[in-house]
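We number each residue from 1, following the sequence as shown. Every number for a ligand or one of its atoms is a count from 1 in the order of the listing.
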Amino acid sequence: MSADQYFTTTVKHVPYRGRFAPSPTGPLHFGSLVTALGSYLEARSQQGEWLLRMEDIDPPREQTGAADAILRALEAYHLNWDGVVLYQSLRHAAYETALTQLIENHHSFACSCSRKTIAVNGGGHIYPGTCRDGLPPGETPRTVRVRVPNKDEIFTDALQGQVKSNLQTEVGDFVVRRADGLYAYHLAVVVDDAQQGITDIVRGTDLLGSTLPQRYLQRCLGYSHPQYSHLPLAVNQHGQKLSKQNFATAIDIRHPGPTLSKALAFLGHPPPAELQGADPALLLNWATAHWDMQNVPRTASICIDGEGK
Ligand code: GLU
């Protein structure tokens with residue numbers, strides 16, 4: 001075999017595969033629309049796939065009917081996903097397998113600490129390492145945590161630049177199975193991104209800090225790292241993320257054009273005057289053709305001040 005043949009048969013082009021991963025804690029609001037739109041446009045502008053994952057692993061935080069409402073809203077905005085929706089509520093066996101792998105490889109440990117004892121023993125919310133070398137005598141396990149090294153985790157975000165934190169002193173050993181027996185978000189997201197073959201993650205800056213433990217977990221489990229782009233977060237005039245707690249209104253699914261135009265402008269891609277408020281299919285065609293991640297504002301948040309709803 002010649003060297004040329006060798007390369008053509010072994011160097012594979014990894015196609016782009018992105019995703020949107022909403023938690024069904026409420027209907028789609030302007031902030032979650034922006035995330036869906038940014039990840040959709042980045043995937044489509046690279047002829048990539050765009051998958052949808054419903055992150056329904058935390059029943060206490062979920063709202064009945066929200067998962068379906070999110071799907072209907074995405075359809076109304078013409079944000080059409082590829083394949084079937086992956087529901088995290090059906091993925092417990094996969095999380096269990098990953099947890100076993102972490103335990104067997106000594107990456108994790110049982111912990112008896114509550115938030116209160118962490119605050120008392122550590123003086124803050126960073127886990128002080130109380131149970132990392134074994135449970136104190138007489139204590140019973142509550143959670144499972146991943147043991148992190150006293151080292152910087154560093155990565156470069158396509159929009160936010162270099163992100164760096166010492167895992168032990170600034171993040172702390174983090175929970176992968178909660179005291180109520182539920183799997184933690186960090187574990188589920190990492191396992192599912194790997195299982196779905198996600199190459200690129202585009203999401204809001206509220207999850208920028210979560211990327212550090214998630215990247216560490218990817219290495220513990222032998223997964224490769226996706227590329228990350230964290231979009232500016234839509235905040236209200238008090239600097240708060242739009243959420244169910246601060247009454248972010250559901251987006252209008254009967255007249256999607258105006259809200260979609262605002263979401264495009266928010267992401268640095270205002271549609272031309274003749275397309276303002278147009279049919280979502282037309283807006284998305286235009287946006288896919290003109291999308292350039294370089295034109296998205298490189299800020300952590302943008303205040304929408306009652307706009308965009
Ligand atoms: N489910 C998470 C949320 O709605 C997002 C997870 C992710 O994009 O990694 O905040």
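Every pair passing side-chain hydrogen bond (donor to acceptor under 3.5 Å, both in side chains) that includes a residue from residues 119-144 is listed here, sequence neighbours excluded: R132-D173.
D206 pairs by the salt bridge (charged side-chain N to carboxylate O under 4.0 Å, His left out) definition with K241, not counting sequence neighbours.
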As a test of reading the model: which N/O atoms of the protein lie under 3.5 Å from N/O atoms of ligand 1, and at what distance?
unit_1   : atom_1 : unit_2 : atom_2 : d
ligand 1 : 1 (N)  : A21    : O      : 2.7
ligand 1 : 1 (N)  : S23    : OG     : 2.8
ligand 1 : 1 (N)  : E55    : OE1    : 2.5
ligand 1 : 4 (O)  : S23    : N      : 3.3
ligand 1 : 4 (O)  : S23    : OG     : 3.2
ligand 1 : 8 (O)  : R19    : NH1    : 2.6
ligand 1 : 9 (O)  : R19    : NH1    : 3.4
ligand 1 : 9 (O)  : R19    : NH2    : 2.9
ligand 1 : 9 (O)  : Y185   : OH     : 3.1
ligand 1 : 9 (O)  : R203   : NH1    : 2.7

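Checking each of D56, D192, D58 against Q88 for a side chain to side chain donor-acceptor pair (under 3.5 Å) leaves exactly one that passes, namely D192.
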List the atom pairs, donor and acceptor, that lie under 3.5 Å between side-chain atoms in residues 179-187 and the rest of the protein, sequence neighbours left out.
unit_1 : atom_1 : unit_2 : atom_2 : d
D180   : OD1    : R178   : NE     : 3.2
D180   : OD1    : L182   : N      : 3.1
D180   : OD2    : R178   : NH2    : 2.7
Y183   : OH     : E96    : OE1    : 2.9
Y185   : OH     : R203   : NH1    : 3.3
Y185   : OH     : Q214   : NE2    : 3.2
H186   : ND1    : Q214   : NE2    : 3.1

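One finds a salt bridge joining R44 and D82 here, because a Lys/Arg side-chain nitrogen approaches an Asp/Glu carboxylate oxygen to under 4.0 Å.
Ring-plane geometry between H269 and W291 is classed as parallel, the angle between the planes falling under 30 degrees on a 0 to 90 degree scale with a further cut at 60.
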